[in-house]
Every structure is written in C-alpha cells, then in structure tokens.
There are 2 protein chains.
Amino acid sequence: MEQLTDATIAAWTGLMRTSRVLLERVETALKSAGFPPLSWYDVLLEIEMAGAEGLRPYELTDKLLLPQYGTSRLLERIVKAGLIERVACAEDRRGQVLRLTEAGRRMRRRMWPVYARALGALVEDRLDEGEARQLAALLNRLRGGEQGPGDP
Amino acid sequence: MEQLTDATIAAWTGLMRTSRVLLERVETALKSAGFPPLSWYDVLLEIEMAGAEGLRPYELTDKLLLPQYGTSRLLERIVKAGLIERVACAEDRRGQVLRLTEAGRRMRRRMWPVYARALGALVEDRLDEGEARQLAALLNRLRGGEQGPGDP
DNA sequence: GAAATATACATGCATTTGCATCTATTTTGT
DNA sequence: ACAAAATAGATGCAAATGCATGTATATTTC
C-alpha cells in the first residue's frame with residue numbers, strides 16, 4: 001500500500017540520518033572546545049550580519065525557523081550569558097532590538113574556526129565542489145522550490 | 001579565515017534547514033491525524049521487521065542512532081501506551097526482548113498511510129526518481145561512505 | 001576462579017522543548 | 001475614533017532530553 005519508490009524512501013532516510021549524525025558531530029566539536037551550542041552561533045551570526053540597525057526577535061524567528069517561544073527562550077539564555085543585549089525598540093513599543101555585545105562578537109569569532117573545521121571534515125572532505133553544489137540544489141528543491149536566502 | 005567553499009556552506013545549510021522543515025511537516029501530519037511521534041513509528045517498524053526473535057533495546061539504539069537513555073525512555077512510553085512489551089531475555093539476564101502487541105501492530109499499520117502521504121507530497125512530488133536516488137547517494141557519502149543498511 | 005572490566009539497561013536531576021495562553025501594543029475595518 | 005483583530009514577545013506547566021551515575025549480569029584477564 002501507499003506506493004513510494006525505493007528512491008524516495010532512501011532519500012528520506014538518508015536525509016534524517018545524515019542530518020542527525022552531522023549535526024551531532026558539529027555540536028560535539030563545539031561543546032568539547034568549551035563552546036555553547038550551534039544555535040547560539042546562528043543567533044550571533046544573524047545579529048552580526050544584520051549590522052547597525054540590529055535585529056528584531058521575530059526576524060530571527062523567521063531566519064532560523066524556530067518557534068516563537070523557542071526564540072524567546074534562546075535569547076533569554078544568550079542574554080544571560082552576556083553575549084547579546086536587548087534594547088527597547090523605538091518604532092514599536094511591543095518589540096525590542098537585539099545587539100551583540102563585545103563578548104558576543106568575540107564569541108562568534110572564536111567559535112567559527114571550530115565550526116568551520118568540523119564542516120571541512122564532514123562536508124568538504126567528502127564531497128567535491130560540484131557534488132556539494134548539487135546536493136544543495138536538490139535539498140533546496142525538496143524544501144519547496146524557492147524560499148528566502150540562507151546563510152551558515 | 002577557514003576557507004570553506006560556498007558550495008559546502010550551501011550544502012550544510014540546505015541539509016539543516018531541509019531536514020528540519022520536512023521532519024516538522026511529517027510530525028505535524030502524524031500529530032494532526034491523532035498519532036504519536038515519528039520516533040514511535042520507527043520503533044514499531046524495527047521491532048516488526050525483526051520478526052519472531054524480537055529485538056533487543058541495544059539493537060534499537062544502534063538502528064535508530066539514539067542515545068542509550070533515549071531508547072530506554074522512548075520504550076518506557078511506548079510500553080506504557082501498550083504498543084510493545086518487554087520480555088525477559090533468556091540468554092542474557094541483563095537484557096530484554098521487545099515484541100509488538102496486537103495494538104502496536106495495528107498502530108504501525110494505521111500510521112503508515114499518513115506517513116506515506118506526507119512523504120509523497122514532500123519528497124516524491126518534488127524529486128523524480130533519478131534525483132531522489134542521487135540525493136540519497138550524496139547523503140550517504142556525506143554520512144561517511146558506507147554504514148549498515150537503513151530502512152524507513 | 002577471582003578480580004577487573006565491559007555491557008545492558010534504568011534513573012535522578014537539571015536543562016530544553018512544546019503547548020497553550022497571557023499582556024501589551026499596533027493595525028484594520030467601519 | 002473606536003472596537004475588533006492581528007502582531008510582538010513572555011511565561012506557567014507538562015513532556016522530552018542530556019548527563020552522569022547506578023545496578024545487575026557477562027566477559028576478560030591473570
């Protein structure tokens with residue numbers, strides 16, 4: 001029942017297993033270097049890339065595909081660690097603007113080499129550039145054709 | 001610093017985003033049909049496929065790539081729901097053997113159409129068979145060449 | 001064959017996640 | 001301008017996860 005090709009099943013299980021395994025390895029690399037989880041890196045990077053205007057939490061929710069409460073709590077922890085700060089938002093008094101602290105900027109910079117080394121070993125050493133590009137293309141199609149841009 | 005090609009970055013972010021989005025949609029499909037999470041399906045299927053000899057928890061841990069305590073607790077819940085039962089293991093008194101109950105077998109059968117429909121919409125409708133096969137191949141290479149077999 | 005080591009599984013405790021709902025403000029419709 | 005609806009964000013509570021460690025049995029080593 002429910003005809004699905006073997007190829008579909010193989011793609012799905014490959015996706016589930018591979019993403020879990022690689023993510024776990026990246027997390028392990030960060031943790032064993034004494035760094036916080038990858039999600040913190042994502043937050044720090046997005047805020048840094050947002051530049052001088054800062055970033056609103058709801059924008060982060062969109063970019064990182066997190067549930068709203070997930071963003072709220074993640075930010076709470078990162079703020080508590082002193083890596084970002086919330087500033088009241090001038091043009092919307094419900095909201096806030098996120099900014100990196102100096103410690104946050106430093107943390108992001110220090111995490112990157114560990115992250116990059118892991119990606120080098122896990123991805124770049126295993127796929128040549130053409131393959132990586134093809135994989136990315138297939139994954140993007142799977143995700144539903146075309147969405148907003150994406151960054152590391 | 002830390003040269004990584006754009007293709008590597010694109011493959012990595014594609015992998016993270018796509019796996020999260022698709023998994024979330026599958027989970028949503030199951031939940032809104034009134035079913036338990038996908039991990040329950042995985043457990044039920046593995047036990048069913050193990051056949052008459054049943055399956056040991058540590059084997060499940062290997063197959064599903066779960067941490068040991070994760071398996072222990074997942075099984076606890078599924079047992080409590082009456083879908084599987086633990087039987088004392090004859091040849092290793094530390095261990096146990098898992099078996100499906102009739103309700104477990106039924107549950108797995110009833111979940112499959114929902115699961116399959118989701119995979120049809122998310123994977124099969126978006127990639128033709130050749131693309132799916134290629135995606136699976138690339139993902140398997142990423143996961144570290146060749147491991148044991150894998151099933152849905 | 002006794003002691004050391006390894007394996008199977010469980011569990012207490014802290015952290016994280018999910019869900020539903022709450023408050024405050026902004027936007028919309030009339 | 002005001003009521004209704006939508007949006008930004010927080011939070012209480014329950015469930016799930018991670019981590020370290022515990023207990024029991026098996027296996028290895030000397």
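Proteins get letters first, then strands, A, B, ... in listed order; numbering begins at 1 in each. Atoms considered below: every heavy atom in the structure, side chains included; atoms not considered: hydrogens, waters and symmetry mates.
Using modelled atom types, no side-chain atom of A:Thr18 and backbone atom of A:Leu15 make a donor-acceptor pair closer than 3.5 Å. In this structure, A:Glu124 contributes its side chain and A:Leu119 its backbone to no donor-acceptor pair below 3.5 Å. For A:Thr61 (side chain) and A:Pro57 (main-chain N/O), a donor-acceptor pair under 3.5 Å exists by modelled atom type. B:Glu129 places no side-chain N or O within 3.5 Å of a backbone atom of A:Ala7 that could act as its donor or acceptor partner. Under the 3.5 Å distance criterion, the side-chain polar atoms of A:Glu131 are matched with a main-chain donor or acceptor of A:Asp128. Distance alone, capped at 3.5 Å, places no donor-acceptor pair between the B:Arg99 side chain and the B:Glu85 backbone.
Across the protein-nucleic acid pair, A:Tyr58 atom OH and D:dA6 atom P stand 18 Å apart, rounded to whole Å. Across the protein-nucleic acid pair, A:Leu65 atom CG and C:dT17 atom C1' stand 16 Å apart, rounded to whole Å. One interatomic measurement links the two molecules: CG of B:Leu64 to P of C:dC9, which rounds to 14 Å at whole-angstrom precision. Separating the CD atom of B:Gln96 from the P atom of D:dA24 is a distance of 16 Å, rounded to the nearest angstrom. Atom P of nucleotide D:dA10 and atom CG of A:Leu60 are separated by 12 Å, given to the nearest angstrom. In this structure, CD of A:Glu91 is placed 10 Å from P of C:dT27, rounded to the nearest angstrom. A:Glu76 has its CD atom 16 Å from the C1' atom of D:dA8, to the nearest Å. When the C1' atom of D:dA15 is taken as reference, atom CD of B:Glu27 falls 14 Å away, rounded to whole Å.
At the phosphate of C:dA10, OP1 or OP2 sits under 4.0 Å from a side-chain N or O atom of B:Arg86. Within the structure, every side-chain polar atom (N or O) of B:Lys31 is placed at least 4.0 Å from both OP1 and OP2 of C:dG18. A sub-4.0 Å separation between OP1 or OP2 of D:dA10 and a side-chain N or O of A:Ser72 is present. For B:Arg77, no side-chain nitrogen or oxygen approaches OP1 or OP2 of D:dA15 to under 4.0 Å.
Residue A:Asp6 places its CG atom among 12 or fewer non-hydrogen atoms of other residues, nucleotides or ligands, all under 6.0 Å distant.
For A:Leu74 and A:Ala90, each mapped to the nucleotide of DNA chain C holding its nearest heavy atom, the one lying further toward the 5' end belongs to A:Leu74.
A donor and an acceptor atom sit less than 3.5 Å apart, one in the side chain of B:Gln68 and one in the base of C:dA10.
Closest approach of A:Ala118 and A:Ala29 over heavy atoms only: CB-CB, 4.3 Å.
Within 4.0 Å of A:Gly70, counting heavy atoms only, lies no atom of the nucleic acid at all.
Listed candidates were D:dG18, D:dA8, C:dC9. Nearest to the side chain of B:Pro67 is D:dG18. The side chain of B:Asp92 lies closest to D:dT25, out of D:dT25, C:dC9, C:dT25. Of the candidate nucleotides D:dC13, D:dG9, D:dT17, D:dT17 has the atom nearest to the side chain of B:Tyr69. Looking at the side chain of A:Arg93, the nearest of the listed nucleotides D:dG18, C:dT25, D:dT25 is C:dT25. Each of D:dC13, C:dA10, C:dC9 was ranked by its minimum atom distance to the side chain of A:Arg73; first place goes to D:dC13. Of the candidates D:dA10, C:dT26, D:dA16, C:dT26 carries the atom nearest the A:Arg94 side chain, counting heavy atoms from C-beta on.
Taking the screw axis at each terminus of the helix from C:dG1-D:dC30 to C:dT30-D:dA1 from five consecutive base pairs, the angle between the two is 30° to within rounding of 10 degrees.
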